[in-house]
Amino acid sequence: MKEQIIKIFILVVVIFGAIFAAWQLKNRNIVIDAPLNYRTVVHITAEDIHYHISVLASDSLEGRKAGTVGEIKAARYIKRKFKELGLKYFPGGYDQLFSYQGRREFQDCSLTFGSFTGIFEDDFRPGIVADSMNASGEVTFFCNMYNYKGIDVKNQWIMMFEGDRFNPNTQHAEDLFAICRNAQKNGAVGVLSINIDSVSNGTLVPRSYLLGSTGIPLIRISRKTADSLFKYIGMTTFEVLNKTQDTTNHWYTRIPVKVGGAICMKQDSVHSRNVVAYLEGNDPELKDEYIIVGAHYDHMGVRSSRMYRGADDNASGVAGLLELAEKLVSENRLKRTVLFVAFGAEEQGLLGSNYFCEHMPINYKKITLMVNMDMIGRLDLTEQVCVNTGFPDPALEELIADLGKSHPGVNPVFPPNQPRNTDYVPFYDRLVSVASFTTGIHKQYHTVDDTLDTIDCYGEKLLLELIADLIVEKAGIVPRK
């Protein structure tokens, strides 16, 4: 009996210990879907990369959208690692806080008719970012949107095929605005545009939203949604499309169902932060010169109940940031100082890196090199690494190419005219020497499929070893005594 009591007591202690550990974790706002007893090592390893990404791309961080609890959790995880490594911080701490007016975003948009309730972004999406508005009315479909003279469209939705019927990608923004203005002038309540892209397979192909004011809503609908509407006249979208192939055909038809559509916009003040730490150099004269190593940690968050985890974009870059910090701290022989910066709100328009450059805790003229990492986890796709040196910088490119020769499996390339769409740009604009690394865009980019299982952790390890050598080369190293 005594032994049983002891076993029960031990079991209770273990259970309460687990509960207490979970409570501590929760109250630090660091809830992670990863082993809590995992400890990283000083060398760059695929296992450590996998671990960091498993934390940052976990469900508990909810896609790390700027201004959300998920982004705060990610920032605190990064800050905790910086503290563990003993990295120093500037006055005010590791956090560099900033606020901004968020982008205007759609919220609670709807499209309904009969028993149909559309799913936002799957079945329908607004075509123009405008003020919030709603409309209700029956539908008139037109084969020729530019010729409905004499046809009463008051209090009706006008429905059309998206773009030119023979090439749905040719309709220009000015055409859409003209269509909406003409429809409003004739008393229509809104415009429904049917996506007939040949690769859509009936779903809605995403396109950039137009900016402007039309006075009435323009709503893009999928072919499946159009099928549900054409069913009221006993036809399918395919049958209607065939009927209207003749460019001289001015056929139109009424669809006897009342459609309700609402576009709702919101714009909030958003609070984000950069997480900044530094490893002080060991040379009395050169420690006031700097290498900056950066990667953005935010992503797209949750949209329409779907989570965008951003494993490659850009948990992979942050994993690289943490691995490089750990390796360089362990050596602690650099002459120049290295700043590690995790940028917030990159997806909102490089806001974190712009803010950092406008409020630098150092003299930017003392920066020797800015190294940026954005989407570095898919080396397996191309077997090469794109490097953007901005200017270009032949000497820097030659150095990186030479370093690549001693790193089998990593092939640095320097494509011209790369898009200026990541956090090196504000540094480049200040004439700072930059090297921005990426393994490139892929079909999972900005989709819910950008998940941990798609990451080539070993390939990222190989790339980070090259980047580490680049940092050491540019920072200089104190000889061992």
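Within 6.0 Å of CG on Asp453 lie more than 12 heavy atoms contributed by other residues, nucleotides or ligands. Counting heavy atoms of neighbouring residues, nucleotides and ligands inside a 6.0 Å radius, atom NE2 of His43 does not exceed 12 of them. Around atom CD of Glu84, more than 12 heavy atoms belonging to other residues, nucleotides or ligands sit under 6.0 Å away.
Side-chain atoms of Thr45 and Asp48, non-hydrogen and from C-beta on, do get closer than 4.5 Å to each other. Looking only at side-chain heavy atoms (C-beta outward), Leu334 and Val472 come within less than 4.5 Å of each other. The shortest side-chain heavy-atom distance between Phe106 and Ile263 falls under the 4.5 Å cut-off. Looking at heavy atoms from C-beta onward, Val413 lies out of side-chain contact with Thr382 at the 4.5 angstrom threshold. A heavy-atom distance below 4.5 Å is not found between the side chains of Thr454 and Asp312. Side-chain contact between Glu383 and Asn411: absent, with no pair of heavy atoms (C-beta onward) separated by less than 4.5 Å. Between Phe90 and Leu339, some side-chain heavy-atom pair lies under the 4.5 Å cut-off. At least one side-chain heavy atom of Glu465 sits under 4.5 Å from a side-chain heavy atom of Lys461.
For Gln418, the side-chain contact (heavy atoms from CB on, under 4.5 Å) partners at least two apart in sequence or on another chain are Cys386, Asn388, Pro415. Residues meeting the side-chain contact (heavy atoms from CB on, under 4.5 Å) test with Asn282, sequence neighbours left out: Asn332, Val478. Applying the side-chain contact (heavy atoms from CB on, under 4.5 Å) criterion to Glu62, with sequence neighbours excluded, gives Val302, Met307. A search for side-chain hydrogen bond (donor to acceptor under 3.5 Å, both in side chains) contacts involving His50 returns nothing, not counting sequence neighbours. Remark: Asp283 engages Glu285, Leu286, Lys335 in a side-chain contact (heavy atoms from CB on, under 4.5 Å) (not counting sequence neighbours).
Asp450 and His442 share no side-chain donor-acceptor pair at under 3.5 Å.
A perpendicular orientation is assigned to the rings of Tyr428 and Tyr424, their planes being inclined by more than 60° (bins at 30° and 60°).
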For the pair Ser58 and Ser60, evaluate side chain to side chain donor-acceptor pair (under 3.5 Å) and give the outcome as yes or no after the intermediate values. CA-CA 5 Å; Ser58 67; Ser60 56; 2.9 Å; yes

Determine, stepwise, if the pair His52 / Tyr77 fulfils side chain to side chain donor-acceptor pair (under 3.5 Å). CA-CA 9 Å; His52 291 311; Tyr77 176 75; 2.9 Å; yes

Determine, stepwise, if the pair Asp95 / Arg76 fulfils salt bridge (Lys or Arg N to Asp or Glu O under 4.0 Å). CA-CA 9 Å; Asp95 292 325; Arg76 289 182 176 176; over 6 Å; no

Test side-chain contact (heavy atoms from CB on, under 4.5 Å) on Ile362 and Tyr364 and set out the steps. CA-CA 6 Å; Ile362 60 173; Tyr364 78 89; 6.0 Å; no

Between Ile216 and Gln184, is the side-chain contact (heavy atoms from CB on, under 4.5 Å) condition met? List the steps. CA-CA 7 Å; Ile216 59 174; Gln184 182 187 33; 3.9 Å; yes

Do Ser269 and Gln101 pass the side-chain contact (heavy atoms from CB on, under 4.5 Å) test, and can you show the C-alpha distance, the side-chain angles, and the key distance before you say yes or no? CA-CA 5 Å; Ser269 179; Gln101 280 298 110; 3.4 Å; yes

Assess the residue pair Thr337 and Glu289 against the criterion (side chain to side chain donor-acceptor pair (under 3.5 Å)); give the C-alpha distance rounded to whole Å, side-chain angles, the decisive distance to 0.1 Å, and a yes or no. CA-CA 6 Å; Thr337 296; Glu289 297 181 11; over 6 Å; no

Intermediate values then yes/no, side chain to side chain donor-acceptor pair (under 3.5 Å), His296 and Asn372: CA-CA 9 Å; His296 77 88; Asn372 186 62; over 6 Å; no

Could you please spell out the steps behind the side-chain contact (heavy atoms from CB on, under 4.5 Å) verdict for Leu464 and Lys327? CA-CA 10 Å; Leu464 290 175; Lys327 179 176 177 62; over 6 Å; no

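Not a single donor-acceptor pair under 3.5 Å links the side chain of His299 to the backbone N or O of Gly301. No donor-acceptor distance shorter than 3.5 angstrom exists from the side chain of Asp393 to the backbone of Thr389, with no hydrogens or angles considered. In this structure, Asp298 contributes its side chain and Glu71 its backbone to no donor-acceptor pair below 3.5 Å. With hydrogens and angles ignored, the 3.5 Å screen pairs no side-chain donor or acceptor of Arg220 with any backbone N or O of Asn195. One N or O on the side chain of Thr438 and one on the backbone of Met375 form a donor-acceptor pair closer than 3.5 Å. Judged by distance alone, the side chain of Glu280 and the main-chain N or O of Leu87 form no donor-acceptor pair under 3.5 Å. A donor-acceptor pair is defined here as one N or O able to donate and one able to accept, closer than 3.5 Å; no such pair exists between the side chain of Arg336 and the backbone of Ile477.
Between Phe82 and Tyr89, the ring center distance fails the sub-6.0 Å criterion.
Smallest separation of non-hydrogen atoms from Ser272 and Ala66: OG-CB, 4.5 Å. Closest heavy-atom contact between Gly317 and Met373: O-CE, 3.8 Å. Closest non-hydrogen pair, Gly352 versus Asn274, comes out as O-ND2, 2.9 Å. Closest approach of Ile221 to Leu192, counting heavy atoms only: CG2-CD2, 4.3 Å. Nearest approach of Ala74 to Tyr297, heavy atoms of both residues: CB-CD1, 3.8 Å. Ser222 and Asp122 make their closest contact through CB-O, 3.8 Å (heavy atoms, listed as atom of the first residue, atom of the second, distance).
Ion pairing between Lys443 and Asp449 fails under the 4.0 Å rule for side-chain N and carboxylate O.
Taking OH of Tyr51 as the reference point, atom OG1 of Thr40 lies at 8.0 Å (rounded to 0.5 Å). The CE atom of Met133 lies 9.5 Å from the CD1 atom of Ile219; values are rounded to the nearest 0.5 Å. Remark: Tyr94 OH to Arg80 CZ distance equals 13.5 Å, nearest 0.5 Å. If you take CD1 on Ile441 and CG on Asp313, they are separated by 7.5 Å, rounding to the nearest 0.5 Å. Expressed to the nearest 0.5 Å, how far CG of Asp456 lies from OG of Ser316 amounts to 11.0 Å. Atom CD1 of Ile194 sits about 9.0 Å away from atom CE of Met160, to the nearest 0.5 Å.
Screening residues 353-378 for salt bridge (charged side-chain N to carboxylate O under 4.0 Å, His left out) gives Arg378-Asp380 as the qualifying pairs, with residues at least two apart or on separate chains.
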